[in-house]
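Here is the structure we will look at, set down as structure tokens.
Quick note: residue numbers are just sequence positions, from 1. Scope of the values below: all heavy atoms of this structure, side chains included, with no hydrogens, waters or symmetry mates.
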Amino acid sequence: GFHRPAWRQLAACSGADLNRWYSRAPDAVAEARDCCEFCPVARPCLIDALAAEDGLPAYLRFGIRAGLDPAQRVAAAHRSTQTRPPVSRR
């Protein structure tokens, strides 16, 4: 079956109508971002989103995750690859 990470139960959006997170309506996007702003699990949510979207361009990413839109997540993914320590090739 489908496995949901335990952190999702603690998410501020748990039980909410998630259509807001995938809407293009400015008021719905604002509501989603407001919900994410003080979410106690925003970091694991972002890590999950970046892992799920690894390598995808912004036009293939959808919705608000951890308060970030697709273009912002592309930028976050780019920043995270810039700060990773080099991999040893020994």
Side-chain angles (χ1 to χ4, degrees):
F2 178 73
H3 171 71
R4 291 178 54 106
W7 63 262
R8 287 192 179 188
Q9 295 174 358
L10 303 173
C13 64
S14 182
D17 175 9
L18 296 182
N19 287 324
R20 286 185 290 178
W21 279 260
Y22 293 94
S23 175
R24 292 179 186 222
D27 60 329
V29 170
E31 286 179 30
R33 287 184 192 271
D34 287 348
C35 186
C36 295
E37 186 175 2
F38 297 106
C39 181
V41 293
R43 182 144 176 84
C45 180
L46 178 59
I47 291 167
D48 185 64
L50 295 179
E53 299 171 338
D54 188 34
L56 293 178
Y59 72 89
L60 291 177
R61 299 174 189 227
F62 302 96
I64 302 296
R65 298 282 307 267
L68 303 179
D69 64 32
Q72 292 169 319
R73 292 195 305 275
V74 168
H78 180 73
R79 281 192 306 274
S80 73
T81 62
Q82 299 299 314
T83 59
R84 288 185 189 148
V87 176
S88 174
R89 301 283 183 205
R90 292 184 194 187

Distance in Å, [X] [atom1] paired with [Y] [atom2], rounded so as to fall on 0.5 Å steps:
X: Cys13; Y: Arg8; atom1: SG; atom2: CZ; result: 8.5 Å
X: Arg79; Y: Gln72; atom1: CZ; atom2: CD; result: 9.0 Å
X: Asp34; Y: Asp27; atom1: CG; atom2: CG; result: 11.0 Å
X: Cys36; Y: Trp21; atom1: SG; atom2: CH2; result: 6.0 Å

What closest approach, in Å, do [X] and [Y] show between heavy atoms, and which atom pair accounts for it?
X: Val41; Y: Ala11; result: CG2-CA, 3.4 Å
X: Ile64; Y: Val29; result: CD1-CG1, 3.9 Å
X: Gly55; Y: Arg61; result: N-NH2, 4.2 Å
X: Arg65; Y: Tyr22; result: CD-OH, 4.1 Å
X: Leu68; Y: Ala76; result: CD1-CB, 4.4 Å
X: Ala66; Y: Ala42; result: CB-O, 3.4 Å

*Counting distance only, does the side-chain N/O of Arg20 pair as donor-acceptor with the main-chain N or O of Glu31 below 3.5 Å?*
no
_Donor-acceptor under 3.5 Å (Arg33 side chain, Gly67 main chain)_ = yes
_Please evaluate residues Leu50 and Arg73 with respect to the criterion side chain to side chain contact (heavy atoms under 4.5 Å, CB included), reporting the C-alpha separation (whole Å), side-chain torsions for both, the decisive distance (0.1 Å), and the verdict._
CA-CA 7 Å; Leu50 295 179; Arg73 292 195 305 275; 4.1 Å; yes
*Side-chain heavy atoms under 4.5 angstrom apart, residues restricted to Ile, Leu, Val, Met, Phe, Trp, Tyr: same cluster for Leu18 and Phe62?*
yes
